Amino acid sequence: MQSIHYLLIGALGVVIFFFACNSPEGKTNQQTSGADTLDKQWWKEAVVYQIYPRSFQDSDGDGIGDLKGIISKLDYVKSLGIDMVWLNPIYASPNKDNGYDISDYQNIMKEFGTMEDFDILLKGMHDRGIKVFMDLVVNHCSDQHKWFQSARSSRNSPYYNYFHWWPAEKGKPPYRWGIFDEKGDAWEYNKATNSYYLHYFADAQPDLNWENPQLRQEIYKMMRFWLDKGIDGFRLDAIAFISKDTTFPPLPAEYNGQWGLYYASGPHLHDYMQEMNREVLSKYNVATVAEAMGDVERVMKFVDPARKELTMAYYFEAIDFGYLPNEYKMPDPKGYDFLQWKKIYAKWTDAFAQKGWGTIYLANHDQPRMLTRWGNDSPEFRNVSSKMLTTFILSMRGTAFYYFGDEIGMSNIKFDRVDDYNDIELLTNYAQVKAKGGDLKRFLEGMKISSRDNGRTPMQWNNSPNGGFTTGTPWLKVNPNYATVNVAAQEEDPQSILNYFRQMIQLRKSEPVLIYGDWKLVDADNPDVFAYTRSLNGKTLLILLNFKATEATLNTGLNLNGAKALIGNYPNPSTDGKLRPYEAVILDL
Ligand code: TEU
């Protein structure tokens with residue numbers, strides 16, 4: 001009921017907005033937020049804190065974070081002021097892709113604990129007013145899942161059609177790229193059935209066949225199991241890939257290596273999304289976020305309220321920016337084009353002002369640490385640049401997704417040796433470069449900036465061995481800078497990155513303009529500063545973020561006389577449009 005109510009309000013908002021926009025002034029950055037047209041939703045107001053359970057806190061000394069570990073840190077999580085936690089997959093898994101290969105959707109990974117631990121964790125979160133998002137990984141499961149074990153044993157298995165097969169009597173299957181496959185091949189031959197199964201990711205992650213209504217019902221049943229436990233929503237992993245053209249035609253030439261675009265948005269994708277909404281999501285007051293591939297038009301389909309699919313989406317265009325084309329995450333030695341990067345944010349923020357709702361993030365478990373990638377992890381600038389990035393995430397329009405450890409300014413570990421890495425994505429790409437006789441040294445240098453394991457090193461709680469994460473040997477090395485970069489040290493320091501994060505969250509909560517206000521890029525051509533306004537009901541805030549290690553001057557065209565600084569990352573925040581290196585300030589005009 002509740003969600004129907006929200007949808008009706010949403011639809012009304014869209015109609016009012018349509019008339020409001022039909023003015024000669026143009027259609028971007030218009031009044032989407034007059035008090036009476038605000039489509040208020042808890043998930044728009046939430047700050048989401050992402051916990052990678054494997055790396056948060058180990059409670060039993062096996063070197064792997066676990067649910068009891070998270071439970072022991074609930075008061076810390078609460079103290080941040082966040083509203084929702086997104087947990088990466090905690091389901092039973094052989095961990096070929098750290099839980100994104102699920103062997104039993106209704107059980108807990110043994111390294112992480114038990115279902116009883118989960119129930120305690122969920123209650124502990126709810127008792128503290130924190131909502132919980134789970135990861136929903138349903139493009140594929142694990143090859144150890146009982147469905148696949150049965151399916152691969154015989155073509156007559158009742159589960160055979162839960163997967164995509166290419167019978168060998170039809171010859172070799174048409175080429176598809178395997179994202180985490182050493183051979184780069186998404187088809188794997190299976191002797192017992194004399195057929196190839198499809199796996200867009202690793203061969204241990206067979207793709208589920210969404211064409212099969214029975215499979216879809218199994219997934220919906222599993223979703224209800226978790227929702228009935230009281231979880232508050234799902235992050236839908238790789239969801240744009242679930243629908244495929246099952247005739248598997250040869251890859252069209254125009255995709256020219258852009259497999260992601262071809263794999264995403266198959267012919268029935270949105271039929272499935274709407275069915276999932278009708279049969280499951282609409283029956284609960286929950287929120288959802290799509291890991292959505294593609295351009296604005298494709299991503300918008302998930303979150304256009306009129307379509308009744310999901311509530312929020314995250315997009316990749318900004319986070320994937322600055323890598324060399326046609327190479328795996330190799331940073332462009334020339335750096336990234338900052339003006340273009342701002343334009344990307346402007347494009348998406350304007351699009352979500354028209355309809356739907358977006359998210360803002362600078363890091364997650366698939367990304368390096370935001371401080372290294374978008375800030376500056378040198379001792380001189382780590383503190384200010386971390387705070388600057390935090391100001392960005394919490395002042396943009398869109399639900400804020402904040403990755404654990406960024407609140408203390410954790411940075412990339414920058415492994416020198418391939419043996420230190422754990423991530424299947426890195427290891428398979430390394431193997432491919434090696435097989436081609438490529439430059440492995442160059443590859444490893446690039447990975448110091450971009451690899452996923454940089455974002456997966458354990459949480460740094462204090463300066464005891466392994467940062468207090470484990471008494472055993474950590475599954476992935478702890479960044480040696482834990483001796484100085486840790487929670488305990490920052491708790492003591494009122495000027496710490498951690499305490500700035502808390503203050504910034506409180507500011508966002510006390511200023512609805514930071515959530516619902518219009519967003520407008522200011523001084524778009526400024527090569528150093530990301531500047532924008534947020535405005536609502538006559539109140540305007542100006543956000544100034546210097547992304548460079550040098551001083552910068554602004555040309556806003558706005559009258560800054562009498563501007564009051566609400567927050568800043570230097571002791572005396574600048575109010576005159578001249579910014580120190582990495583300075584961030586929010587001005588009330
Ligand atoms: O990621 C989906 C995805 O498309 C990845 O290729 C992602 O773009 C890549 O990791 C970036 O380096 C999701 C999960 O977030 C990721 O952790 C999983 O490995 C992947 O699905 C497979 O489940």
Side-chain angles (χ1 to χ4, degrees), residues 48 50-55 86-91 93-103 105 109 133-143 145 176-181 184 186 198-208 234-242 244 257-266 269 289-294 298-299 313-323 327-331 359 361-370 373 401 403 412 421-430 432 443 446-447 449-456 476:
V48 184
Q50 181 187 349
I51 292 181
Y52 195 65
R54 205 174 180 78
S55 297
W86 155 27
L87 291 176
N88 286 99
I90 56 167
Y91 319 95
S93 165
N95 281 304
K96 290 278 162 47
D97 184 19
N98 288 359
Y100 283 92
D101 47 324
I102 298 170
S103 53
Y105 287 94
M109 190 189 297
F133 253 39
M134 300 271 284
D135 228 302
L136 185 73
V137 189
V138 290
N139 174 67
H140 45 267
C141 62
S142 159
D143 63 354
H145 194 292
R176 290 291 181 277
W177 176 259
I179 300 168
F180 300 158
D181 190 80
L198 183 72
H199 61 89
Y200 275 178
F201 292 90
D203 55 9
Q205 295 170 295
D207 280 40
L208 290 163
F234 287 113
R235 174 253 188 201
L236 289 89
D237 181 67
I239 197 67
F241 296 158
I242 61 173
K244 285 116 180 153
Q258 298 190 61
W259 54 267
L261 277 185
Y262 182 73
Y263 282 3
S265 312
L269 172 61
V289 58
E291 193 195 26
M293 296 288 190
R298 284 186 181 199
V299 172
Y314 60 83
Y315 54 90
F316 285 84
E317 198 178 350
I319 204 88
D320 281 346
F321 196 67
Y323 293 133
E327 267 190 281
Y328 168 67
K329 288 188 179 171
M330 193 52 69
T359 60
Y361 68 104
L362 286 176
N364 61 35
H365 65 293
D366 289 337
Q367 301 296 333
R369 284 285 166 190
M370 73 173 186
R373 175 113 152 90
F401 278 68
Y403 190 51
N412 280 9
Y421 284 101
N422 168 280
D423 176 21
I424 187 169
E425 183 175 69
L426 179 128
L427 296 175
T428 47
N429 277 282
Y430 180 88
Q432 284 173 16
F443 177 83
M447 293 305 105
I449 300 301
S450 63
S451 100
R452 309 200 291 185
D453 276 345
N454 284 303
R456 296 177 177 186
L476 189 66

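Remember, it's 1-based here, ligands and their atoms both numbered in the order they're listed. Treat the numbers as computed from the prediction; the structure is a model and nothing was measured. Along the sequence shown, residues carry numbers from 1. Computed from heavy atoms alone, side chains included, the values below leave out hydrogens, waters and symmetry copies.
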Any heavy-atom pair between the side chains of P94 and D101 that's under 4.5 Å?
yes
Check D423 with R452, please: is the shortest side-chain N to carboxylate O separation under 4.0 Å?
yes
Determine whether any heavy atom of H140 lies closer than 4.0 Å to an atom of ligand 1.
yes
Could you list the residues that satisfy side chain to side chain donor-acceptor pair (under 3.5 Å) with Q50, not counting sequence neighbours?
N88, H365
Between D181 and R176, is there a side-chain N and carboxylate O pair less than 4.0 Å apart?
no
Please could you name the atoms of ligand 1 that M293 approaches to less than 4.0 Å, counting only its heavy atoms?
4 (O)
With heavy-atom distances below 4.0 Å as the criterion, list the atoms of ligand 1 near R235.
14 (C), 15 (O)
To the nearest 0.5 Å, what is the distance between NE2 on H140 and CZ on F180?
7.5 Å
Closest protein heavy atom to atom 9 (C) of ligand 1, given as residue, atom name and distance to 0.1 Å
E425 OE2, 3.3 Å
Candidates I179, I239, D237, L236; heavy atom nearest atom 13 (C) of ligand 1 found on D237
For ligand 1, which atoms sit closer than 4.0 Å to a heavy atom of K329?
11 (C), 12 (O)
Specify the protein heavy atom at minimum distance from atom 10 (O) of ligand 1: its residue, its atom name, and the distance to 0.1 Å.
R452 NH1, 2.7 Å
Hey, are the side chains of N364 and M370 touching, using non-hydrogen atoms and a 4.5 Å cut-off?
no
Of the choices D366, D97, N429, which has the non-hydrogen atom that lies closest to atom 17 (O) of ligand 1?
D366
Below the 3.5 angstrom mark, is there an N/O of E291, backbone or side chain, next to an N/O of ligand 1?
yes
Any cation-pi pair here, K244 with Y200, using under 6.0 Å and within 45°?
yes
I want to confirm something. Looking only at heavy atoms, which of Y263, F201, F316 is nearest to atom 6 (O) of ligand 1?
F201
Which of the numbered atoms in ligand 1 are under 4.0 angstrom from any heavy atom belonging to H365?
14 (C), 15 (O), 16 (C), 17 (O)
Give the numbers and elements of all ligand 1 atoms closer than 4.0 Å to a heavy atom of F180.
19 (O)
Taking the six-membered ring for Trp, are Y105 and H145 closer than 6.0 Å centroid to centroid?
yes
